[in-house]
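All values reported here derive from a predicted model rather than from experimental measurement. The sequence lines fix the lettering, A, B, ..., with proteins before strands; numbering per chain opens at 1.
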Amino acid sequence: MENNVFTGEYKRRKRKDIVFRLAILVPTGIVVSLLILILAQVVMNGSKSLNLDFFFQQQKPFGEVGGGVVQAIVGTIMVLVVAIVIALPVSLLAALYLYEHKGSKRANVLLDVVSTLQGIPSIVIGVVIYIWVVVPLKTFSAFAGGIALSIVMLPLMISMIKESLDMVPSSYLEAALALGVPRWRAVVEIIVPAAASGILEATGLGIARAAGETAPLIFTSFGNPFLSLNFMAPVSALPLVIYEYVKSPYDDWHQKAWGAALLLVLFVLSLNLLIGTRKKR
Amino acid sequence: MNDKRFNVLLGFAAMVVVFIFAGFLFTLVVQSLPAVKQEGAAFLYGSEWNPVTTRFGALPFIIGTLMTSAIALAIAIPLSLSAGIVMGEYVNSLWLRSVLNTLINVLASIPSVVFGLWGIEVVIPLVRSLAMSVGAPPYGAGILSASLVLAIMIIPYMSSMTREALVNVHAGLREGAYALGLTKQEVVTGIALPFAKNSIFAGILLSLGRALGETMAVTMLIGNATRIPTSLFSLGNTLASVIASQFNEAASDVHRSAMMGLALILFVITMIIGWFGRTLMRKGVGAHGE
């Protein structure tokens, strides 16, 4: 009881501390429960429609119950293959450019361009690739969809690969150069292999990122109710199927949209978790 | 192969990336010219969008975009800041911290179209009953539904940016403040937040950039009307959602060109916001360095 002014002040501060704690814990609780709720609803609604037919059957005609989404699963794989075949070499070489010209003015410009590309809304990528690829080829195609997705992947992969190249100790390069190895061989045979796991991670995250994209596909790969293996023809994809089915009036199709959503989430998640656990090691 | 050729190859890849960016801008400008020529400046402020009479004013969608993004930010900012502060300052158990981080990362990686599906099946019925109870038109879809789902979509992103900004505040500052006998709240609001404010604001800007360009979830929830939205329960469209819903069914070349113009507006806005966000981010990182 030495000083009532101080104990009073201390109590007031202590109360304020508790009020603040409540004021941030309550909203955090709301956020966390909302996020868990969404995840739980995707899992519960989606798991009801996962069966063998779902994976191996094609879509049934309008209004008929049954069938599956194999055309979308195959279509998604096709556009992702095209995308990665384009994005991996370009992003690796562009990242090597950044590595070789570290700190130069041109490299900084390229870095700025990469960050800007990363911020482009994916719908804009869709319309531009429509003009660049669909209009000249006169057809929607898996090829056009893949190009659109490769542009979604590029900025992410360039910055991730650049980071993993930068993490290779510079003594590796110096040692190789000191032994008289030409610079390009030192980079290709020493630096790139040393960064291989990072490049692999970048590829995985690029795929995970592009797999869920819908907007760039609507005007490029377009969608297709039938299974098609032709890269120059329209193909379906899992995100397109979700978008299309949920607009339909059929309960069975809504159910399938949830199934496709769960499949997509599981695919993206397992890629992310796989990469996450690799990183920790 | 020799060093020279190798360098040429790398330079070529770098040029490809720069050309993609320049080509985007070029294509959008050229393709939007017919519509812009026809409408003039009214393309930006005209309030009528009618493919039949070929009047193309972007104002309804500019307003729709600003409304949904503003409402989404207003909802997301307090929730994300709270969650970011809790994760960055209050959770000490390593286990709980990694659980929260994983949850946030998982939600950040869920595709937009899945949020759209969830919104249609869960949020729209809720908004519809809310609309009925206040006597508004019971569409369910509309500005409010789109904004709510948009808010949920940017929360994971914004809260992890906030958390990171706080974690980057120099530990010595915090320890010094505790040593002076400050309460946790005083340390957070008086020391940590002021030091992290540039990075946090950058996180908000980058989230805004995402919200403005977000397409699928909004397209599925906003009701796709080409009028200027007048209330929370109005149907509407954003720049992105009108492109997604009309581009494949474009009625004429001018209609398609007008949508390229909308894409150009979107491209330029997100580019400017992204640039501001990154500049602030760099400034924020500099401030922690002392």
Name the option with the most non-hydrogen atom pairs under 4.5 Å to chain A; the candidates are B:Leu28, B:Ile120, B:Asn2. B:Asn2
Whatever's closer than 4.5 Å to a heavy atom in chain B on A:Leu35 counts as both
Given a strict heavy-atom distance threshold of 4.5 Å, which part of B:Arg210 is in contact with chain A: side chain, backbone, both, or neither? neither
Structural part of B:Leu79 lying under 4.5 Å from a heavy atom of chain A: both
Contact part of A:Val19 toward chain B, heavy-atom cut-off under 4.5 Å: side chain, backbone, both or neither? neither
How about CZ on B:Arg97, more than 12 heavy atoms from neighbouring residues, nucleotides or ligands closer than 6.0 Å, or not? yes
Begin with the C-alpha distance, continue with both residues' side-chain angles, and end with the deciding distance and a verdict on side-chain contact (heavy atoms from CB on, under 4.5 Å) for A:Leu39 and B:Leu103. CA-CA 9 Å; A:Leu39 215 52; B:Leu103 183 69; 4.2 Å; yes
Which atoms of B:Asn7 come close to chain A, meaning under 4.5 Å heavy atom to heavy atom: side chain ones, backbone ones, both, or neither? side chain
If one checks every heavy atom of A:Val32 against chain B at 4.5 Å, the contacting part turns out to be both
Please classify the contact between A:Val268 and chain B as side chain, backbone, both or neither, with a heavy-atom cut-off of under 4.5 Å. side chain
Quick one: what part of A:Ile158 sits under 4.5 Å from any heavy atom of chain B, side chain, backbone, both or neither? side chain
Quick check: closest heavy atoms across A:Ala261 and B:Val114, and the distance to 0.1 Å? CB-CG2, 3.8 Å
Mark yes when over 12 heavy atoms from residues, nucleotides or ligands other than A:Asp251 sit less than 6.0 Å from its CG; otherwise mark no. no
Pair B:Thr27, A:Trp132: side-chain N/O donor-acceptor within cut-off below 3.5 Å: yes
Where does B:Val16 contact chain A at under 4.5 Å (heavy atoms): side chain, backbone, both or neither? side chain
Working note: B:Val30 + B:Met260, criterion side-chain contact (heavy atoms from CB on, under 4.5 Å); need CA distance, chi angles, decisive distance, verdict. CA-CA 9 Å; B:Val30 170; B:Met260 298 301 289; over 6 Å; no
Quick one: does NZ or CZ of B:Lys184 land under 6.0 Å from the six-membered ring centre of B:Tyr90, within 45 degrees of the ring axis? yes
What part of A:Ile218 is in contact with chain B, defined as an atom under 4.5 angstrom from a non-hydrogen atom: side chain, backbone, both or neither? both
So what's closer than 4.5 Å to chain B heavy atoms on A:Ile125: side chain, backbone, both or neither? both
Can B:Arg163 and B:Glu89 be counted as an ion pair, charged N to O under 4.0 angstrom? no
Indicate the ring-plane relationship of A:His101 and A:Tyr97, choosing parallel, tilted or perpendicular according to the 30° and 60° boundaries. parallel
Under 3.5 Å, is there a donor-acceptor pair between the B:Ser257 and B:Gln31 side chains? no
Best-contacting candidate, B:Gly209, B:Pro78, B:Ala244, against chain A by heavy atom pairs under 4.5 angstrom: B:Ala244
I'd like to verify something: which residue of A:Val31, A:Leu25, A:Val188 has the highest number of heavy-atom pairs under 4.5 Å with chain B? A:Val31
Between B:Val106, B:Val18, B:Ile155, B:Ile273, which residue shows the highest count of heavy-atom pairs closer than 4.5 Å to chain A? B:Val106
Contact origin within A:Val90 toward chain B - heavy atom pairs under 4.5 Å: both
Interface moiety of A:Asp112 toward chain B, non-hydrogen atoms closer than 4.5 Å: both
Please state whether the side chain, the backbone, both or neither of A:Leu96 comes within less than 4.5 Å of a heavy atom of chain B. both
Could you tell me which portion of B:Ile243 (side chain, backbone, both or neither) has an atom closer than 4.5 angstrom to a non-hydrogen atom of chain A? both
Any side-chain to backbone donor/acceptor pair from A:Ser91 onto A:Leu154? Under 3.5 Å, distance only. no
Cut-off 4.5 Å, heavy atoms of chain B, and the answer for A:Ala208 is neither
Whatever's closer than 4.5 Å to a heavy atom in chain A on B:Thr219 counts as side chain
If you count heavy-atom pairs under 4.5 Å between each of A:His254, A:Arg21, A:Glu100 and chain B, which one has the most? A:Arg21
Given a strict heavy-atom distance threshold of 4.5 Å, which part of A:Val26 is in contact with chain B: side chain, backbone, both, or neither? neither
Checking B:Leu107 against chain A: side chain, backbone, both or neither under 4.5 Å from a heavy atom? side chain
Donor on one side chain, acceptor on other, B:Arg256 and A:Tyr130, under 3.5 Å: yes
Check each atom of A:Val109 against the heavy atoms of chain B and say whether the ones under 4.5 Å are side chain, backbone, both or neither. neither
Please tell me whether B:Glu186 and B:Thr183 have a donor and an acceptor in their side chains that are separated by less than 3.5 angstrom. yes
Between A:Asp17 and A:Arg13, is there a side-chain N and carboxylate O pair less than 4.0 Å apart? no
Give a yes or no on whether A:Lys16 atom NZ has more than 12 heavy-atom contacts from other residues, nucleotides or ligands under 6.0 Å away. no
I'd like to know which of B:Gly274, B:Ser80, B:Ala14, B:Ala22 tops the heavy-atom pair count under 4.5 Å against chain A. B:Ala14
Per-residue contact mode, B:Ser109 against chain A (heavy atom under 4.5 angstrom): both
Kindly indicate whether a cation-pi arrangement holds for A:Lys247 with A:Tyr245, taking the cut-offs as under 6.0 Å to the six-membered ring centre and within 45° of the axis. no
Can you tell me which portion of B:Leu100 sits under 4.5 Å from chain A's heavy atoms? Options are side chain, backbone, both or neither. side chain
Please classify the contact between A:Ala211 and chain B as side chain, backbone, both or neither, with a heavy-atom cut-off of under 4.5 Å. neither
Which one of A:Leu264, A:Val113, A:Ile123 has the most heavy-atom pairs closer than 4.5 Å to chain B? A:Ile123
Among B:Ser82, B:Gly181, B:Pro111, B:Gly213, which residue has the highest count of heavy-atom pairs closer than 4.5 Å to chain A? B:Ser82
Evaluate whether atom OH of B:Tyr178 has more than 12 neighbouring non-hydrogen atoms of other residues, nucleotides or ligands under 6.0 angstrom away. yes
If you count heavy-atom pairs under 4.5 Å with chain B, which of A:Val265, A:Val114, A:Ile18 comes out on top? A:Val265
Are there more than 12 heavy atoms of other residues, nucleotides or ligands under 6.0 Å from atom CG of B:Asp253? no
Of all of A:Ile30, A:Val42, A:Ile38, which one pairs up most often with chain B through heavy atoms under 4.5 Å apart? A:Ile38
Who among A:Gly126, A:Gly212, A:Ala107, A:Gly29 has the most heavy-atom pairs with chain B under 4.5 Å? A:Gly212
In terms of side-chain heavy atoms, does A:Ser248 have a donor or acceptor partner in A:Glu244 at a distance below 3.5 Å? no
